[in-house]
Amino acid sequence: MALDPSKRPPLKPGETKEPVYFPEERDGWHGYIEWEKYPEKKAEAARILSKYQFELPPEFQLVPLPNTNPVLEGSRFKQYHEVMGPTLKNVPAESWETVLEEKAKDMIHVLQFPYNGEPPRERLAENEITSNEDFFVRNHGGIPRIDADKFVLEIGGLVNNPRTFTLKELQDESVFPRQSNIVTIQCSGTRRIEQIHEYPGDGDELINAPWGEGAIGNARWTGVSLKKVIKACGGLKDGAKHLEFVGAETYFKKGQVYNYAVSVPWRKVQRNEVLLAWEMNGKPLPKIHGYPLRTVVFGYIGARSCKWLYRINALKAPSEGPVQKKEYLYFNPQIGKHNSTYSSGFSIQDMPVSSAIMTPKDKAVIVHDGKIRIRGWAYSGGGHFPERIDVSGDGGSIWYEVPQENCTTKYFYGWRLWWIDLPVDAEGWLEIVARCWDDALNTQPTYVRSAWNWDLHVTSSCHRIKVYSVNKTRPKTARRLAELEKHGRGLEPISLPLPFEQEPDDEYEAETARLRGRDPLE
Ligand SMILES: Nc1nc2c(c(=O)[nH]1)N[C@H]1C(S)=C(S)[C@@H](COP(=O)(O)O)O[C@H]1N2
Ligand SMILES: [Mo]
């Protein structure tokens with residue numbers, strides 16, 4: 001899907017269009033322009049971007065989300081790519097082709113470009129291992145197409161022997177033992193929609209995608225521990241404390257261009273919790289998930305699991321890349337548009353304990369016989385794992401423990417799926433709540449409000465849904481259901497009036513007589 005010609009960005013008054021050409025850096029690497037090595041090229045790109053008036057991001061927080069799929073289009077990011085000339089112009093269209101080729105047909109395309117998508121909630125909660133087709137995608141730019149045979153990983157900065165590795169070299173088991181782990185990757189945007197609904201926040205330069213509960217997935221990743229690769233470079237020089245990962249695509253922020261860059265502390269790498277992975281669930285990484293090589297950082301925010309990884313730099317301090325320094329910050333609730341600064345939020349690394357109810361859906365009408373089946377996921381990062389899941393049917397006063405046998409396998413770095421047949425006697429609207437406890441006895445904040453933050457990250461409060469409970473073991477309820485069926489109707493939508501009287505007159509008379517009338521005795 002190319003950019004609609006009516007959406008071409010107009011030039012600012014007095015500006016003229018000139019030919020631009022930023023050649024690709026390497027043969028066999030399409031969609032990759034090297035920016036970080038060439039400050040003058042970056043300056044030139046910024047100059048070109050400043051000539052145009054780009055479309056403003058759409059309002060999507062204070063109004064209902066469009067009922068379309070893709071939900072949001074991302075025209076502004078398509079425009080940025082268009083004005084960068086032939087090398088990046090077609091990247092939005094090619095990225096969309098990759099989505100159609102690699103992802104499940106029924107993905108919820110939260111944002112078309114840069115592509116952000118999550119799978120249907122029922123399917124995500126069905127399989128302990130998320131399939132490659134269903135795994136959520138979070139992109140900040142286009143999807144580069146890199147030829148594995150032409151691929152090299154550069155390692156530089158404060159390492160004793162800077163060098164490059166081909167994919168074959170990394171895969172040589174006589175040099176590097178292979179490491180394979182079940183690891184959950186969770187985007188810090190998961191469940192953001194709940195924060196948006198209650199209190200909107202920063203839309204940021206890149207639209208902060210209105211994620212539901214599906215920006216999380218669990219897969220088996222195979223590759224080599226970064227610790228071993230650093231060792232093969234003779235180790236780190238004194239003072240090196242962070243490893244920066246650079247991804248090949250172009251990232252636009254506030255009129256500047258970058259390659260995607262993030263970092264993790266060396267301490268994290270030393271624990272063999274940072275994998276350079278080329279395989280996802282036993283298959284080569286899909287293009288959309290970082291082919292041919294990505295990092296997988298266990299227990300951290302998804303943003304550090306850098307896709308299309310081509311360079312690693314050992315640094316004294318965290319990466320200066322905007323994704324590390326200016327995004328993924330966690331602010332106090334009194335910080336917002338009026339006073340936020342990059343230095344006033346802390347940098348999110350470890351993911352906290354969280355969970356979500358995947359079925360039933362919010363506002364569902366459920367006919368049951370005293371039990372409602374609830375299914376969901378539970379996860380904890382930062383070296384912790386989910387131990388127990390509790391579910392409440394009354395907004396969080398009485399909690400039922402999900403039996404351990406209803407929870408999937410416990411892994412050090414993976415989520416657990418769970419289900420419970422929740423005892424429900426009450427009828428009408430109920431608030432069902434889920435919370436997880438991890439092995440360090442951490443649990444989730446009570447309400448969205450308890451943990452709201454301006455950048456709308458990490459919605460880890462207890463997950464709450466409202467359902468309309470219809471307990472058919474009650475005679476009156478069973479009778480109403482039978483009547484509805486006779487009329488060829490169901491209960492839904494509950495907002496539609498009944499097509500018949502609630503009670504025949506003779507029954508009304510008999511019942512009011514039994515209850516000794518409407519009037520007081522005297
Ligand atoms: N190069 C690059 N790596 C990236 C990103 C990106 O936009 N570019 N997005 C990050 C974010 S925010 C997340 S949540 C994860 C998502 O991984 P996935 O798309 O494979 O599910 O990738 C991370 N790695
Ligand atoms: Mo993310």
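Numbering of ligands and ligand atoms starts at 1, following listing order. When reading the values below, keep in mind they use all heavy atoms of this one structure, side chains included, and skip hydrogens, waters and symmetry mates. Fair warning: this is a prediction, and the values are worked out from it, not measured in the lab. We're numbering straight along the sequence, starting at 1.
The residue among Gly142, Pro114, Ser305 with a heavy atom at the shortest distance from atom 24 (N) of ligand 1 is Ser305. Nearest-residue assignment for atom 22 (O) of ligand 1 (options His140, Arg294, Glu327, Met280; heavy-atom criterion): Arg294.
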Original post:
Given the rule in the salt bridge (charged side-chain N to carboxylate O under 4.0 Å, His left out) test, do Lys253 and Glu327 qualify, once you have shown the distances and angles that lead to the verdict?
Top reply: CA-CA 11 Å; Lys253 190 174 174 80; Glu327 293 167 24; 3.0 Å; yes

Subject >> Arg145 and Glu97: CA distance, side-chain angles, deciding distance, salt bridge (charged side-chain N to carboxylate O under 4.0 Å, His left out) verdict >> reply: CA-CA 12 Å; Arg145 295 185 177 172; Glu97 275 167 27; 3.8 Å; yes

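Side-chain atoms of Glu24 and His30 form a donor-acceptor pair, as typed in the model, at a separation below 3.5 Å. Asn181 and Arg220 share no donor-acceptor pair across their side chains, judged by distance under 3.5 Å alone.
Residue Asn139 has at least one heavy-atom neighbour below 4.0 Å for each of these atoms of ligand 1: 7 (O). Near Trp308, meaning under 4.0 Å from any of its heavy atoms, are these atoms of ligand 1: 1 (N), 2 (C), 8 (N). With ligand atoms numbered from 1 in the order given, ligand 1 contributes 3 (N), 24 (N) to contacts under 4.0 Å with heavy atoms of Cys306. Residue Phe135 approaches ligand 1 through these ligand atoms, each under 4.0 Å from one of its heavy atoms: 21 (O).
Proximity of Trp211 to ligand 1, defined as any heavy-atom pair under 4.0 Å, is not found for any part of the residue. Neither the backbone nor the side chain of Arg304 comes within 4.0 Å of ligand 1, counting heavy atoms alone. Within the 4.0 Å heavy-atom criterion, neither part of Tyr251 lies near ligand 1. Proximity of Cys187 to ligand 1, defined as any heavy-atom pair under 4.0 Å, is shared by backbone and side chain alike. When heavy-atom distances to ligand 1 are checked against a 4.0 Å cut-off, Gln186 has no atom that comes that close, whether in backbone or side chain. If you look at Tyr260 next to ligand 1, the close heavy atoms, those under 4.0 Å, all belong to the side chain.
On a distance-only criterion, Gly247 and ligand 1 share no N/O pair closer than 3.5 Å. Between Lys307 and ligand 1, an N or O atom pair is found at a separation short of 3.5 Å.
Here the two rings, on Phe331 and His457, have centers that are 6.0 Å apart or farther. Taking the six-membered ring where the residue is Trp, the centroids of Tyr32 and Tyr310 are separated by under 6.0 Å. Between His384 and Phe412, the distance from one ring center to the other does not fall under 6.0 angstrom. Remark: aromatic rings of Trp96 and His109 are close, center separation under 6.0 Å.
Taking a cutoff of 4.0 Å between a charged side-chain nitrogen and a carboxylate oxygen, Arg26 and Glu34 do not qualify as a salt bridge. Salt-bridge annotation for Arg464 and Glu213: absent, with no side-chain N of the basic residue lying under 4.0 Å from a carboxylate O of the acidic one. At a threshold of 4.0 Å, the pair Glu122-Lys361 counts as salt-bridged, since one of the basic side-chain nitrogens sits closer than that to a carboxylate oxygen.
Remark: minimum distance from atom 9 (N) of ligand 1 to any protein heavy atom is reached at Arg138 O, 3.1 Å. Residue, atom and distance of the protein heavy atom nearest to atom 15 (C) of ligand 1 are Gly302 O, 3.4 Å. Protein heavy atom at the shortest distance from atom 12 (S) of ligand 1 is Tyr328 OH, 3.1 Å. Nearest protein neighbour of atom 21 (O) of ligand 1, counting heavy atoms only, is Phe136 O, 2.6 Å. Nearest protein neighbour of atom 8 (N) of ligand 1, counting heavy atoms only, is Glu249 OE2, 2.5 Å.
Results of the salt bridge (Lys or Arg N to Asp or Glu O under 4.0 Å) test with Glu82 over Arg8, Lys7, Lys89, Arg76 single out Arg8 as the only residue that passes.
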